Amino acid sequence: MNERIVVLDFGGQYNQLIARRVREAGVYSELLPRTASKERILGGCLSGIILTGGPDSVYEDNAMSCPDWVFKLGVPVLGICYGMQYIAKINGGEIKAADVSEYGRTPTTYADHPLFEGMDKRTVWMNHNDSVTKLPEGFVAIASTENCKIAAFANDSEKLYGIQFHAEVEHTEDSKRIFSNFLKNICGLKCDWSPASIADSMIREIREKVGDGKVLAALSGGVDSSVAAVLTHKAIGDRLICIFVDHGLLRLNEAAEVMEFYKDSVGLNIIKVDARERFLSKLAGASDPEKKRKIIGEEFIRVFEEESNKLSGYDYLLQGTIYPDVIESGAGGSAVIKSHHNVGGLPKDISFKGIIEPLRSLFKDEVRELGESLGMPSHLVWRQPFPGPGLAIRVIGDITEEKLDILRKTDYILRREIKNAGLERALWQYFTVFTGIKSVGVMGDRRTYDYAIGVRAVTSSDAMSVDWAEIPFSVLKRISDCIIAEVDHVNRVVYDITSKPPGTVEWE
Ligand code: XMP
């Protein structure tokens with residue numbers, strides 16, 4: 001890698017987006033805590049630094065800071081919102097609570113500056129209470145709004161830049177252009193990085209690391225573990241063996257589809273473990289969501305241990321960890337809302353020489369792009385995310401075969417109708433929920449007393465925040481009609497119109 005941007009995290013809510021925007025503009029980028037060591041920031045290569053927004057006010061005691069040497073590494077620094085105010089403060093500028101806070105879409109005027117080259121559209125996304133009110137020496141204002149006279153500044157000789165608005169948010173018009181201007185015009189970069197461009201070097205790295213050793217993987221059929229497996233298979237062929245656990249909580253036909261594609265089409269070496277009965281008997285009677293997750297997580301580890309003990313000579317464990325799983329936040333830990341069970345969360349006490357996580361620097365959409373460049377079919381690469389505990393957290397309360405059966409059939413119909421309506425790619429996830437509620441209905445002139453099924457469909461780019469999807473009423477109507485006509489013991493369908501926050505994607 002010969003171009004790399006480090007984004008230093010000051011705790012703002014859009015910080016991951018900054019790293020994504022830089023990557024979309026063609027430069028590999030990492031989000032690091034503002035306290036990261038010099039070695040980490042320098043990495044193998046450093047082409048520029050971006051300081052993020054954050055919740056603090058720079059003039060408060062103990063406001064977030066970063067070491068002074070960050071500004072002496074000889075690369076351009078761009079501050080966004082708090083990052084801009086921080087640059088102003090340490091260079092002797094003045095920052096005050098603004099007379100009028102700006103929030104939302106705000107018309108802006110740009111000066112003629114390389115950072116804004118070709119920026120014809122001029123509405124930006126503002127979200128600030130403080131503003132820079134006096135420029136530090138050597139800086140000039142290069143953008144302004146009605147209420148913020150210094151909406152961006154530059155010190156070209158020191159290569160220090162700041163924008164008060166959030167260019168990383170799509171509501172800022174031409175937002176991508178600002179990043180590519182910073183990268184090309186200010187940092188002087190070529191911008192030729194893409195997930196596909198690094199496939200060969202990833203394969204080479206795996207080959208070098210594994211040598212003539214062997215690798216064991218847990219394959220869930222989800223995008224991350226699948227792309228990691230296909231990549232590793234390209235590197236070491238049959239010396240990769242995958243364990244696929246059918247825990248009985250998969251969607252209709254899913255186990256067969258996974259086996260058919262990965263074993264038959266790709267030629268992966270897969271052991272399928274039929275653990276359906278085992279999981280269901282352990283789950284019998286459990287209705288608390290956290291308890292169900294725990295049972296599944298532990299049982300998964302037991303099954304994996306047993307299977308791997310039957311094999312011998314495996315040096316490395318392959319995991320589909322992706323970048324959002326490893327990002328350390330600069331603003332400290334957050335509350336555990338749900339204890340996610342990942343297929344990646346495998347036993348620590350199995351002895352391997354090491355772990356291979358080829359995707360740990362990529363975002364989900366980049367993993368998909370990489371998968372496509374490896375020749376994986378788009379219906380697999382674009383599969384919606386599916387949680388480790390599977391349908392167990394979509395049956396509210398205790399789990400039985402009957403409930404799972406109803407859930408599978410309704411979920412299948414939903415997926416079929418979403419596909420028929422051409423909405424698959426527009427949605428982040430869509431699934432049905434077995435609510436457990438029974439209600440009265442009328443069918444064929446008779447009273448019914450049957451289950452209500454919930455339909456959940458959301459849009460998102462990372463599942464951290466989601467919006468409920470505005471599916472056309474005609475499609476919702478068809479989904480509801482088909483579910484009630486085709487699935488016994490369902491007489492009502494409800495659509496979940498809760499975003500996240502305050503809801504979560506899954507009901508449990
Ligand atoms: P929530 O429900 O927390 O879900 O808003 C966010 C995203 O994570 C998925 N999810 C899980 N994935 N193990 C997983 O691997 C889990 O235990 C788990 N719980 C939720 C969920 O489907 C959504 O994509």
Side-chain angles (χ1 to χ4, degrees), residues 13 16 217-229 244-251 254 258 279 282-283 286 288-301 303-304 318-327 333-346 357 359-360 363-365 367-368 381-396 399 407 411 414-415 418 424-435 454-469 496-508:
Q13 52 180 318
Q16 281 197 32
L219 189 72
S220 69
V223 184
D224 307 336
S225 69
S226 302
V227 174
F244 171 58
V245 178
D246 181 357
H247 52 20
L249 302 160
L250 299 171
R251 289 164 289 191
E254 192 159 25
V258 169
F279 274 86
K282 278 268 157 51
L283 282 166
D288 175 68
E290 282 299 293
K291 187 158 184 222
K292 290 198 280 186
R293 282 166 183 276
K294 245 182 146 172
I295 292 172
I296 294 166
E298 277 174 18
E299 199 57 17
F300 192 89
I301 290 176
V303 174
F304 190 84
L318 175 68
Q319 306 216 43
T321 319
I322 64 170
Y323 196 46
D325 305 333
V326 300
I327 289 182
S334 44
V336 173
I337 310 293
K338 298 177 187 182
S339 47
H340 278 204
H341 154 65
N342 284 308
V343 170
L346 290 172
E357 295 175 314
L359 310 178
R360 63 180 281 124
F363 289 105
K364 189 100 180 172
D365 44 355
V367 172
R368 291 189 160 128
V381 169
W382 284 94
R383 261 183 136 169
Q384 50 170 326
F386 187 64
L391 301 183
I393 54 171
R394 294 179 181 172
V395 170
I396 305 310
I399 298 164
L407 184 61
D411 185 72
L414 172 68
R415 285 188 284 139
I418 291 290
E424 275 174 310
R425 291 259 184 125
L427 302 176
W428 171 263
Q429 276 179 284
Y430 43 99
F431 54 86
T432 57
V433 179
F434 187 90
T435 65
V455 171
R456 181 85 166 129
V458 296
T459 55
S460 178
S461 61
D462 52 16
M464 313 248 286
S465 62
V466 310
D467 287 318
W468 60 274
D496 181 351
I497 51 167
T498 322
S499 292
K500 172 184 177 176
T504 52
V505 176
E506 306 289 346
W507 278 32
E508 284 197 338

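Just follow the structure's listing: the first ligand is 1, and inside any ligand the first atom is 1. Given the structure is predicted, the values throughout are model-derived calculations rather than measurements.
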R394 side chain near R456 side chain, heavy-atom distance below 4.5 Å: no
SB check E506 R293 (cutoff 4.0 Å): no
Can you sort out which atoms of ligand 1 are near [X], meaning under 4.0 Å from one of its heavy atoms?
{"X": "K500", "result": "1 (P), 3 (O), 5 (O), 6 (C)"}
{"X": "A463", "result": "6 (C), 7 (C)"}
{"X": "T504", "result": "1 (P), 2 (O), 5 (O)"}

Do any nitrogen or oxygen atoms of [X] come within less than 3.5 Å of a nitrogen or oxygen of ligand 1?
{"X": "V505", "value": "yes"}
{"X": "R293", "value": "yes"}
{"X": "P389", "value": "no"}

Is the backbone N or O of [Y] less than 3.5 Å from a side-chain atom of [X], with the two atoms forming a donor-acceptor pair by type?
{"X": "R368", "Y": "V381", "value": "yes"}
{"X": "T435", "Y": "G454", "value": "no"}
{"X": "S225", "Y": "L219", "value": "no"}
{"X": "K292", "Y": "A286", "value": "no"}

Option nearest atom 23 (C) of ligand 1 (shortest heavy-atom distance, choices Q384, R456, Q429): Q429
